[in-house]
Amino acid sequence: MTDRLLARKSRNGLRKRSIFPYINAAGMILLMFITLYPVVNTVAISFNDGTDALRGGIGLWPRVFSLKSYETIFADEIIYNAFFITISRTLIQTVLNVILTAMLSFALSRREYVLRKFITTAMVITMYVNAGLIPNYLLLQRTLGLGKSFWVYIIPTMFSCFNMIVMRTYIIGLPDALVESARIDGAGDFYLFWRIIFPLMMPVAATIALFVAVGAWNAWFDTHLYNAGKVRLHTLQYLLKMKLATTSNSANAAMTSAEAAANTTLTTPITIRAAITVVSAAPIMAIYPFLQRYFVVGLSIGSIKG
Amino acid sequence: MRRAKASTGTALPDRLGLSKHSFWHTLWQQRQLAFMSVPMLLYIFLFNYFPLWGWITAFMDYKPVLPLLENKWVGLENFKWLFSRPEFLGAVRNTFAMAAINLVFGFVFPILLALFLNEIRRTRFKRTVQTVTYLPHFLSWVIVVGIAQTMLSSTGAINQLLVSTGIVSRPVFFLGEGRYFWWLVGFIHIWKECGWNSIIYLAAMTAIDPGQYEAAEMDGAGRFKKMWYISLPGIRSTFMVLLIMNIGYLMEAGFEIQYLMGQNVVMDWSQTIDIFALKYGINRGQYSRAIAAGIFKSIVSIALMTSANFAAKRLGEDTLL
């Protein structure tokens with residue numbers, strides 16, 4: 001009885017007594033722990049001594065501190081090359097993709113443009129109809145002969161339809177008067193786009209640049225499919241992927257199923273793998289918190305109309 | 001509106017004798033816009049539409065050495081072959097199962113997270129939680145699978161926790177047993193994307209008029225009543241748009257995680273249609289069969305997409321098409 005009375009009292013007046021905020025905060029802290037633990041654990045393993053790490057049981061801090069793994073991976077010059085390839089592809093792909101997508105979205109946002117409907121429809125259909133893995137592979141590999149070249153990273157990814165729609169929605173939301181007054185002053189469409197619209201698109205362009213850059217940095221499958229045979233073109237993620245593959249395959253061949261699963265980490269030292277993971281993830285980890293306000297805005301724009 | 005432009009153009013269409021209002025005349029006036037868009041149109045014709053031509057090889061016994069149209073036509077033979085193979089049927093089942101798990105988890109967890117984040121009043125704490133939960137989204141699948149293998153190994157953190165709390169007596173071989181695979185994929189997806197996917201719902205919730213909450217409070221609604229009757233209906237249209245979109249992409253149950261994490265011993269549970277196509281097409285050179293598998297996937301996707309859109313229209317919701 002008293003409990004019910006108290007509960008009603010707190011609902012009516014003493015709202016601050018509620019324990020909900022504390023439970024909620026505790027839940028959030030648990031969530032952050034679950035999110036961060038595997039990441040911090042990987043960093044800890046990468047700074048741990050290799051043989052000691054095999055015992056397992058490393059938590060949030062290295063048990064036997066060692067920089068050996070980082071020395072090993074940076075002693076191999078292939079990682080510098082992989083860095084160079086990854087950075088170049090990310091930069092070129094991002095700049096090209098954002099400018100071309102923005103340009104197209106500007107053209108398709110002009111209501112008077114005669115090809116607007118046709119091109120928009122052709123673009124939107126591609127979001128739902130996809131020829132699939134093999135026909136695309138045959139096109140790039142056989143018809144265009146892009147295998148074993150750097151351009152296979154750039155050419156198929158110059159444009160994204162989804163991003164175009166997000167950008168177009170943003171441009172349509174800008175005041176019409178901007179375009180109209182520039183038109184009256186005799187400005188052409190290039191001038192309009194480059195000098196007036198594009199500078200105003202910075203929030204959405206930054207969001208999309210981030211998406212594209214993350215996708216480019218994290219891509220490994222194109223290397224796997226087209227450039228596996230050319231070490232000079234390997235990306236960071238692909239190097240890491242190969243470390244993963246050698247461990248699980250050799251484990252499979254030598255052991256029974258259950259043991260294989262248990263010991264996937266035996267062949268490539270777990271510490272080396274952790275160190276490559278840290279090195280390949282660090283650049284994005286360092287950047288994304290500062291771009292947070294941009295991508296939140298950008299995602300909200302996208303949600304207005306798929 | 002176009003007067004300013006018209007005077008700057010060289011009168012090429014006039015010399016060609018085109019009337020002032022013809023399509024080509026307008027296009028000439030809008031040539032700067034055309035220059036910004038037509039190359040991209042050609043680009044998608046080459047990269048998105050031209051490969052569709054490759055679909056005809058699904059009806060052939062295609063040998064890459066021959067010119068395309070000189071291959072033997074076999075009708076639906078490749079499709080019959082696919083559906084007589086338990087391996088392909090298994091891949092279809094796995095694709096659907098993982099897609100369904102991802103779809104349900106992918107809505108439930110981010111919406112719950114957004115609801116509870118929305119209740120946090122301290123802005124800095126809220127921002128911190130958000131920044132932390134976005135983090136895994138920026139990690140590649142290669143990294144995430146690597147981390148998952150470490151976490152799930154017999155000496156990994158999860159087994160240590162399970163053994164030390166007495167839930168299991170011996171370490172569980174998570175990655176070596178097929179029956180765990182679908183759920184692992186589901187949970188790893190959530191770990192990676194939950195925070196990120198909550199952004200959009202949280203943005204929709206912040207757009208709700210605070211007056212609604214105040215009015216509800218006056219009427220004596222508690223915290224959970226407000227969540228149920230105001231916050232959730234407030235994100236309804238966002239939810240519907242995302243639902244239709246995700247049903248359209250249902251067949252994309254994910255490829256990278258299954259490809260990277262599925263070892264041979266769990267192949268019966270991990271192989272999706274895409275992996276099947278990759279294996280038969282690229283590793284074994286059976287292009288016709290692999291493309292047939294891809295066509296099946298595309299047709300199911302389009303059917304799902306249009307029916308979801310149709311259903312939404314009937315229910316009076318916003319639609320995509």
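In what follows, every chain begins at residue 1, and chains take the letters A, B, ... in the order their sequences are listed.
- In this structure, no portion of Ile276(A) lies under 4.5 Å from any heavy atom of chain B.
- Using a 4.5 Å cut-off between heavy atoms, Phe190(A) contacts chain B through both its backbone and its side chain.
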Which is it for Phe181(B) and Phe174(B) under the ring-ring contact (aromatic ring centres under 6.0 Å, His included) test, yes or no, and what are the steps along the way?
CA-CA 8 Å; Phe181(B) 194 84; Phe174(B) 287 107; over 10 Å; no
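- Both the backbone and the side chain of Leu46(B) come within less than 4.5 Å of a heavy atom in chain A.
- Among the candidates Ile302(B), Val266(B), Leu278(B), the residue making the largest number of heavy-atom pairs closer than 4.5 Å to chain A is Leu278(B).
- Heavy-atom pairs under 4.5 Å with chain A were tallied for Trp55(B), Phe50(B), Tyr43(B); the largest tally goes to Tyr43(B).
- Of the atoms belonging to Arg142(A), it is side-chain heavy atoms, and not backbone ones, that fall under 4.5 Å from chain B.
- Both the backbone and the side chain of Val114(A) have a heavy atom closer than 4.5 Å to some heavy atom of chain B.
- Checked by atom type and distance alone, the side chain of Thr26(B) pairs as donor or acceptor with a backbone atom of Ser22(B) at under 3.5 Å.
- For Ile44(B), the part lying under 4.5 angstrom from a heavy atom of chain A is the side chain only.
- With a threshold of 4.5 angstrom between heavy atoms, Met151(B) approaches chain A through side-chain atoms but not through N, CA, C or O.
- With a 4.5 Å cut-off on non-hydrogen atoms, Ala274(A) does not touch chain B at all.
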Would you check, one step at a time, whether the test salt bridge (Lys or Arg N to Asp or Glu O under 4.0 Å) holds for Glu112(A) with Arg183(A)?
CA-CA 13 Å; Glu112(A) 70 276 11; Arg183(A) 277 264 166 75; 3.1 Å; yes
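- At a 4.5 Å heavy-atom cutoff, the contact between Phe125(B) and chain A is made by side-chain atoms alone.
- For Leu202(B), no part lies under 4.5 angstrom from a heavy atom of chain A.
- With a threshold of 4.5 angstrom between heavy atoms, Tyr113(A) approaches chain B through its backbone and through its side chain.
- Side-chain N or O atoms of Ser298(B) include one that pairs as donor or acceptor with a backbone N or O of Asn130(A) at under 3.5 Å.
- Using a 4.5 Å cut-off between heavy atoms, Leu113(B) contacts chain A through both its backbone and its side chain.
- Within the 4.5 angstrom heavy-atom criterion, only side-chain atoms of Met285(A), from C-beta onward, approach chain B.
- The candidate with the highest count of non-hydrogen atom pairs below 4.5 Å against chain A, out of Trp141(B), Tyr49(B), Phe35(B), Tyr249(B), is Tyr49(B).
- Evaluation of the side-chain hydrogen bond (donor to acceptor under 3.5 Å, both in side chains) test over residues 125-137 of chain B, restricted to residues two or more places apart or in two chains, returns Gln292(A)-Thr131(B), Gln130(B)-Tyr134(B), His137(B)-Glu193(B).
- Between the side chain of Asp274(B) and the backbone N or O of Leu133(A), no donor-acceptor pair lies under 3.5 Å.
- Of the two parts of Met164(A), neither the backbone nor the side chain holds a non-hydrogen atom closer than 4.5 Å to a non-hydrogen atom of chain B.
- For Phe239(B), no part lies near chain A; criterion is any non-hydrogen pair under 4.5 Å.
- Using a 4.5 Å cut-off between heavy atoms, Leu138(A) contacts chain B through its side chain alone, with no backbone atom that close.
- Residues satisfying the salt bridge (Lys or Arg N to Asp or Glu O under 4.0 Å) test with Lys279(B), not counting sequence neighbours, are Glu87(B).
- Interface residue Leu140(A): only side-chain heavy atoms are found under 4.5 Å from chain B.
- For a residue to count as touching a neighbouring chain, one of its non-hydrogen atoms must lie under 4.5 Å from one of that chain's; by this rule Leu104(A) touches chain B with backbone and side chain alike.
- Contact count against chain A (heavy-atom pairs under 4.5 Å) is highest for Ser37(B) among Gly281(B), Ser37(B), Ala157(B).
- The backbone N or O of Leu236(A) lies less than 3.5 Å from a partner atom in the side chain of Thr86(A), making a donor-acceptor pair.
- With a threshold of 4.5 angstrom between heavy atoms, Tyr238(A) does not approach chain B through any atom at all.
- Ranking Gly146(B), Ala148(B), Gly54(B) against chain A, the residue ahead of the rest is Gly146(B), based on heavy-atom pairs under 4.5 Å.
- In this structure, no portion of Ala204(B) lies under 4.5 Å from any heavy atom of chain A.
- The greatest number of non-hydrogen atom pairs below 4.5 Å with chain A, out of Tyr287(B), Trp191(B), Phe255(B), is found for Trp191(B).
- Only the side chain of Leu144(A) comes within contact range of chain B, judged by heavy atoms closer than 4.5 Å.
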